[in-house]
Amino acid sequence: MTRLIEEITDNVIEIKEEISTEYEITKILKKHPHDTLIFTNIKDTNMNIITGICNTREKIAKSINTTVDKITENIIQATNNPTKITNIKNYDEIYPNNEEANLNKLPILKHYPKDKGKYITAGIVIAKDPETGQTNASIHRMLVHNDKQLGIRIVPRQLYTYYKKAEEQQKPLEIAIAIGLNPSTLLASTTSIPITENELEVANTFQKGKLTLVKCESVDIEAPECEILLEGRIEPNERKSEGPFVDLTDTYDKIRDEPVINLTKMHYKDNPYYHAILPAGNEHKLLQGLPQEPRIYNSVKNTLPTVQNVVLTEGGCCWLHAVVSIKKQTEGDAKNVMMAALSAHPSLKHCVIVDEDINIFDPTDVEYAIATRVKGDDDIIIIPKARGSSLDPVAQIDGTTTKIGVDATKSFHNLEDYERVSFTLEK
């Protein structure tokens with residue numbers, strides 16, 4: 001077992017037969033949505049592949065030393081208390097293999113026949129603000145153009161701002177790409193924090209101050225220690241066609257012209273593990289959606305201090321559907337909460353509010369609440385023509401969708417009628 005696997009889980013399935021990086025691994029991953037898999041016999045490469053390290057809430061909880069029901073609480077604590085990083089080493093202290101970048105050596109997957117090409121899906125991009133030097137770390141899909149060039153999908157957030165600043169100066173933006181990381185570092189890179197904060201310091205809090213940074217060779221970047229480290233520059237005023245590519249909702253994203261990364265150096269450990277995330281798989285959904293739960297929680301807490309927890313459900317792609325647990329104080333609380341939740345996460349489409357006796361991580365229990373506590377004409381709010389998510393196929397027509405809030409809480413007028421008899425046996 002390697003360093004990375006030991007950090008993740010004891011339950012790892014090893015695939016030893018020779019496997020191609022085109023389509024074959026995707027077919028296997030579809031059969032193992034919740035398992036951690038390693039592939040140790042990849043055609044045309046000496047590297048291994050690991051996948052599924054963050055495809056359950058239990059694995060993510062373990063990586064940050066908590067339980068599933070406390071993940072949101074722990075994310076909020078870490079984002080509010082980032083820890084300065086003191087463990088910094090030079091690249092040649094960490095990596096025995098240091099050479100010119102060559103993407104042909106990496107087992108990068110082509111997932112589906114209509115994909116534009118092979119895509120890096122679990123690479124954290126680290127960059128610095130050209131004006132302030134502030135560091136940002138974020139996950140982006142990256143299309144292989146050739147052995148030294150990638151296309152990168154960037155949406156208007158922090159990395160996009162850094163890139164536009166560099167482009168205005170007619171300078172490339174230096175970056176590093178880290179692949180094969182502790183799950184808590186991946187989680188931290190997807191959190192929503194102020195632009196003046198550093199996601200890697202959030203990761204350091206998760207790891208109790210033990211995160212190590214690596215000084216790169218050809219760019220002025222310190223990247224988190226990982227299995228495979230790439231260095232390069234996002235070029236100004238250079239774009240190439242990117243997409244199609246399968247996005248969160250298991251549908252194809254649109255083709256766009258996106259910026260280009262020219263790679264310079266690559267570093268990797270002996271017998272390295274290339275981390276691959278299956279597009280629209282559980283790992284993709286959880287890493288993209290789960291860090292939005294604290295945003296909803298904080299917003300709802302301002303509306304109702306007795307909110308208990310929030311989950312963006314896997315069935316809703318961890319993006320479009322939320323369930324919020326509250327300790328109801330008065331009639332009407334649930335409707336205020338659903339409006340706060342829908343506002344906090346603009347992509348949210350359907351939101352269900354439940355009492356604290358409902359397990360929001362159990363879809364059957366949530367459906368039970370809807371079945372026994374909802375009176376449609378009183379408890380469902382419908383908001384037509386609201387701005388929709390770009391990931392929602394329904395919203396592709398005119399950019400709008402219909403948002404729905406469901407009050408699945410007990411009425412105070414006949415509380416005795418909602419008593420769950422099975423619960424009395426547990427007391």
Side-chain angles (χ1 to χ4, degrees), residues 33-34 54-64 66-77 187 190-192 248 282-283 285-329 332-345 347-375 379-381 403-412 415 418-420 422-423 426:
H34 301 111
C54 295
N55 60 5
T56 69
R57 289 177 184 267
E58 287 76 13
K59 292 175 189 176
I60 292 173
K62 181 180 178 181
S63 77
I64 58 175
T66 191
T67 55
V68 168
D69 60 318
K70 300 293 184 183
I71 291 176
T72 293
E73 180 182 315
N74 274 255
I75 293 175
I76 292 172
Q77 192 278 333
L187 178 66
T190 64
T191 55
S192 298
L248 200 63
N282 282 355
E283 197 163 22
K285 293 174 184 176
L286 287 168
L287 282 173
Q288 182 163 335
L290 190 149
Q292 302 305 313
E293 292 170 0
R295 291 180 59 189
I296 300 172
Y297 179 90
N298 284 330
S299 177
V300 170
K301 194 172 182 64
N302 286 332
T303 300
L304 183 68
T306 52
V307 59
Q308 302 297 294
N309 214 338
V310 173
V311 63
L312 286 162
T313 67
E314 283 84 332
C317 305
C318 292
W319 201 249
L320 300 175
H321 287 182
V323 182
V324 182
S325 171
I326 65 172
K327 187 174 183 180
K328 189 171 169 180
Q329 304 293 299
D333 280 348
K335 289 184 173 62
N336 285 349
V337 165
M338 70 177 66
M339 290 188 287
L342 289 167
S343 298
H345 180 48
S347 293
L348 196 57
K349 186 175 178 181
H350 300 151
C351 182
V352 180
I353 315 301
V354 298
D355 297 297
E356 57 188 323
D357 66 315
I358 299 296
N359 179 3
I360 63 174
F361 301 102
D362 180 356
T364 300
D365 217 29
V366 174
E367 186 175 355
Y368 169 84
I370 295 171
T372 62
R373 302 176 184 182
V374 173
K375 187 180 178 186
D379 298 323
I380 296 176
I381 292 178
K403 301 200 173 191
I404 297 175
V406 179
D407 177 358
T409 62
K410 296 175 284 188
S411 170
F412 285 136
L415 277 177
Y418 298 98
E419 182 181 11
R420 299 179 73 174
S422 59
F423 279 23
E426 299 172 5

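All heavy atoms count here, side chains included; hydrogens, waters and symmetry mates do not. These numbers come from a predicted model, not from an experiment.
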Peer 1: Are the side chain of S299 and the backbone of R295 linked by a donor-acceptor contact shorter than 3.5 Å?
Peer 2: no

Peer 1: Does E314 reach the side chain of R57, with side-chain heavy atoms less than 4.5 Å apart?
Peer 2: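 Answer yes - side chains close enough.
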
Peer 1: Check the pair C54, L286 against side-chain contact (heavy atoms from CB on, under 4.5 Å), reporting the backbone distance first and the verdict last.
Peer 2: CA-CA 7 Å; C54 295; L286 287 168; 5.9 Å; no

Peer 1: Side chains of L304 and N336: closer than 4.5 Å at any heavy-atom pair?
Peer 2: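 Contact flag for L304/N336 side chains = no.
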
Peer 1: Which value, rounded to the nearest 0.5 Å, describes the distance between L320 atom CG and H345 atom NE2?
Peer 2: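 Those atoms lie 7.0 Å apart.
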
Peer 1: Atom CD1 of I358 and atom CD of E367: how far apart are they, to the nearest 0.5 Å?
Peer 2: 11.5 Å

Peer 1: Can you find a pair of side-chain heavy atoms, one from L290 and one from E293, that are under 4.5 Å apart?
Peer 2: yes

Peer 1: N359 and D365: which non-hydrogen atoms are nearest, and at how many Å?
Peer 2: N-OD2, 2.8 Å

Peer 1: So which atom in T191 and which in P291 form the shortest heavy-atom distance, rounded to 0.1 Å?
Peer 2: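 Reported closest heavy-atom pair: CA-CB, 3.9 Å.
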
Peer 1: Testing the basics here: between T72 and V310, what is the closest heavy-atom pair and its distance to 0.1 Å?
Peer 2: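 Looks like OG1-O, 4.0 Å.
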
Peer 1: Say you draw a straight line from CG of N282 to OG1 of T56; how long is it, rounded to the nearest 0.5 Å?
Peer 2: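 Reported to 0.5 Å precision, the distance equals 8.5 Å.
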
Peer 1: Do I71 and I75 make a side-chain contact, defined as non-hydrogen atoms from C-beta onward lying under 4.5 Å apart?
Peer 2: yes

Peer 1: Is the backbone N or O of W319 less than 3.5 Å from a side-chain atom of K285, with the two atoms forming a donor-acceptor pair by type?
Peer 2: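 Not confirmed, K285 side chain does not pair with W319 backbone.
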
Peer 1: Please report the shortest heavy-atom distance between K335 and M338, naming the atom on each side.
Peer 2: O-CG, 3.1 Å

Peer 1: Taking the side chain as everything from C-beta on, heavy atoms only, tell me whether C351 gets closer than 4.5 Å to V324.
Peer 2: yes

Peer 1: Give me the atom names and distance for the closest heavy-atom approach of A341 to I296.
Peer 2: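 Where A341 meets I296 most closely, the heavy atoms are CB-CG2, 3.8 Å.
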
Peer 1: Checking salt bridge (charged side-chain N to carboxylate O under 4.0 Å, His left out) against R373, which of D379, D357, D407 comes through?
Peer 2: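 Only one option passes, and that is D357.
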
Peer 1: Rounded to the nearest 0.5 Å, what's the gap from NZ on K328 to NZ on K410? Could you check?
Peer 2: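 NZ of K410 is found 9.5 Å from NZ of K328.
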
Peer 1: Decide side-chain contact (heavy atoms from CB on, under 4.5 Å) for L312 and L348; before the verdict, give the C-alpha distance in whole Å, the side-chain angles of both, and the deciding distance to 0.1 Å.
Peer 2: CA-CA 9 Å; L312 286 162; L348 196 57; 3.8 Å; yes

Peer 1: How long is the span from the NZ atom in K301 to the CD atom in Q308, to the nearest 0.5 Å?
Peer 2: 8.5 Å

Peer 1: Less than 4.0 angstrom from a charged side-chain N to a carboxylate O is my criterion; do D355 and R420 meet it?
Peer 2: no

Peer 1: Yes or no on side-chain contact (heavy atoms from CB on, under 4.5 Å) for D333 and T409, after CA distance, side-chain angles and deciding distance?
Peer 2: CA-CA 10 Å; D333 280 348; T409 62; over 6 Å; no

Peer 1: Nearest 0.5 angstrom please: L287 CG to L248 CG, how far?
Peer 2: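 Those atoms lie 10.5 Å apart.
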
Peer 1: Apply side-chain contact (heavy atoms from CB on, under 4.5 Å) to residues T190 and Q292 and explain how you reach the verdict.
Peer 2: CA-CA 9 Å; T190 64; Q292 302 305 313; over 6 Å; no

Peer 1: With distance as the sole test, does N309 use its side chain to make a donor-acceptor pair with the main-chain N or O of D69 at under 3.5 Å?
Peer 2: yes

